[in-house]
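Because only heavy atoms are used, hydrogens play no part in the values below, and waters and symmetry mates are left out as well, while side chains stay in. Within every chain, numbering begins at 1; the chains are lettered A, B, ... in the order of the sequence lines, protein sequences first and strands thereafter.
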Number of protein chains: 2
Amino acid sequence: MLELAVLGLLKEKPMYGYEVKKRLDERLGHTWKFSYGSLYPTLKKLSKVEAVELEFPDGETLTRKKKIVYRITPKGEAIFEALLDESGASATEDREAFMLRLAFFRYTKPETRRRLLERRRGYLQDRLAKMKESLKTLRERVDAYSLELMQYGANETEHDIHWLEGMIEAERNGADGSQPGTDPSRFGVLRGETT
Amino acid sequence: MLELAVLGLLKEKPMYGYEVKKRLDERLGHTWKFSYGSLYPTLKKLSKVEAVELEFPDGETLTRKKKIVYRITPKGEAIFEALLDESGASATEDREAFMLRLAFFRYTKPETRRRLLERRRGYLQDRLAKMKESLKTLRERVDAYSLELMQYGANETEHDIHWLEGMIEAERNGADGSQPGTDPSRFGVLRGETT
DNA sequence: GTTAGCATGTAAGGAGTTACATGATTTT
DNA sequence: AAAATCATGTAACTCCTTACATGCTAAC
């Protein structure tokens with residue numbers, strides 16, 4: 001996960017490790033968090049397989065400590081694509097994995113996007129049906145707190161299905177040749193202007 | 001997490017490991033999942049510290065394989081309470097940890113419940129403010145997919161704050177002596193009857 | 001001049017997963 | 001009699017966290 005996220009972000013521009021974390025927190029912090037204790041080892045690992053290269057902004061040699069800019073290499077781009085493709089069950093069943101893929105949708109083919117969105121929708125529809133079943137049979141047998149939690153889950157799932165539906169629709173209306181991810185009007189299904 | 005969940009569920013009645021997983025999936029599967037590969041080692045660990053005791057339903061000795069009922073012991077109840085109490089930052093900042101606590105609210109004092117709910121609300125309010133800030137500054141700099149993701153996050157957070165507000169209110173109206181978790185009318189903030 | 005935030009890293013360990021392996025029981 | 005589901009378990013491994021450690025730089 002972290003490798004995919006880091007490479008995906010470095011595609012935008014070279015960055016410090018610190019900045020990588022800050023930006024990923026901004027965009028994905030809602031769904032997925034990680035610590036510096038996993039970030040730096042990951043960057044190290046990526047540089048060991050030559051997916052990223054290091055740069056020292058002061059012009060000093062590598063003896064100088066602190067402040068390292070990481071830049072993605074062509075090999076890194078290839079690894080990124082491989083990781084993005086390798087989206088088996090995890091990318092549809094795991095919320096975090098799915099959201100991470102969504103964050104990098106602009107690097108995927110329209111067809112890949114549609115497939116992922118529809119699989120996720122299908123999975124959630126399935127789960128929603130099961131949740132409603134459980135709610136029916138358990139309504140009298142569990143306490144109010146557990147029930148509230150289950151109801152919350154069902155509501156959220158329903159909401160998510162709606163959201164996905166809107167995005168699938170938007171993909172359909174924009175997938176005929178327009179550049180991916182440049183037209184904001186295709187989205188905003190749930191926008192509701194919170195300001 | 002798993003230890004807390006398993007002990008909490010076993011407080012209801014003795015069960016097979018298999019049943020433990022099924023029931024936890026029903027109630028918490030929306031937020032939190034686990035595999036049998038972690039369940040059985042956990043049960044083993046719990047029995048090693050005498051938090052649970054084993055029972056063989058066929059009346060056979062332990063030579064007989066398969067089908068083991070686990071029953072929580074007084075020591076297990078103590079461990080459960082300790083784990084439930086030890087809710088530092090994780091229980092308010094980590095969605096899964098918070099939801100797990102919520103599932104066992106009926107075993108906590110009204111005061112503990114109020115504290116947890118309010119801390120979680122405070123945390124989400126904080127994050128929402130930061131998310132809105134990010135949205136403002138990033139609106140022109142990131143692609144539509146990332147933006148949609150961030151907007152989704154903000155919407156969901158707002159929704160969650162509302163939900164918590166309803167529960168805090170419900171706690172206030174029901175915390176004056178009524179048995180915890182027995183009056184379903186205190187809830188249903190988001191119910192909306194999905195059937 | 002001290003607090004807050006920027007910036008990087010490591011060692012030990014926790015909490016799970018995946019894949020495998022086995023066999024009983026129920027349903028079709 | 002085959003397939004699904006019930007039921008239990010282990011070994012190797014992955015991914016990440018926590019706690020620690022260091023030092024720079026900007027703001028107040």
Worksheet item: Going by atom types only, do B/Asp143 and B/Ser146 share a side-chain donor-acceptor pair under 3.5 Å?
Response: yes
Between [X] ([atom1]) and [N] ([atom2]), how many Å, whole number?
{"X": "A/Met1", "N": "C/dA15", "atom1": "CE", "atom2": "P", "answer": "21 Å"}
{"X": "B/Tyr16", "N": "C/dG23", "atom1": "OH", "atom2": "C1'", "answer": "15 Å"}
{"X": "B/Leu4", "N": "C/dG14", "atom1": "CG", "atom2": "P", "answer": "17 Å"}
{"X": "B/Glu93", "N": "D/dT18", "atom1": "CD", "atom2": "C1'", "answer": "14 Å"}
{"X": "A/Phe34", "N": "C/dG9", "atom1": "CZ", "atom2": "P", "answer": "15 Å"}
{"X": "A/Lys44", "N": "C/dG9", "atom1": "NZ", "atom2": "C1'", "answer": "8 Å"}
{"X": "B/Trp32", "N": "C/dA15", "atom1": "CH2", "atom2": "P", "answer": "11 Å"}
{"X": "A/Lys48", "N": "C/dG9", "atom1": "NZ", "atom2": "P", "answer": "12 Å"}

Worksheet item: Phosphate oxygens OP1/OP2 of D/dT8: is one of them under 4.0 Å from a side-chain N or O of B/Tyr18?
Response: no
Worksheet item: Is the backbone of A/Ala51 close enough, under 3.5 Å, to the side chain of A/Thr73 for a donor and an acceptor to pair up by distance?
Response: yes
To the side chain of [X], which of [options] is closest?
{"X": "A/Tyr36", "options": "C/dT8, D/dT10, D/dC6", "value": "C/dT8"}
{"X": "A/Tyr70", "options": "C/dG16, D/dC16, C/dG9", "value": "C/dG9"}
{"X": "B/Tyr40", "options": "D/dA7, C/dT17, C/dA7", "value": "D/dA7"}
{"X": "B/Ser38", "options": "C/dT8, C/dT17, D/dA7", "value": "C/dT17"}
{"X": "B/Leu2", "options": "C/dG16, C/dT10, D/dC6", "value": "C/dG16"}

Discussion item. Do A/Met131 and A/Tyr152 sit in one hydrophobic cluster, given that two such residues count as connected whenever their side-chain heavy atoms are within less than 4.5 Å of each other, even indirectly?
Written reply: no
Practice prompt. Indicate yes or no: does A/Lys33 engage B/Glu96 in a salt bridge with an N to O separation below 4.0 Å.
Written response: no
Fill in: Sidechain N-carboxylate O distance under 4.0 Å for A/Arg113, A/Glu118
no
Worksheet item: Heavy atoms under 4.0 Å, any strand shown: does B/Lys33 hit a base, just sugar-phosphate, or nothing?
Response: sugar-phosphate
Item to complete: Have a look at A/Gly17 and say if it touches a base, only the backbone sugar-phosphate, or nothing, with a 4.0 Å heavy-atom cut-off.
Response: sugar-phosphate
Worksheet item: When the nearest nucleotide of DNA chain D is assigned to B/Ser90 and to B/Leu43 on a heavy-atom basis, which residue is associated with the more 5' position?
Response: B/Leu43
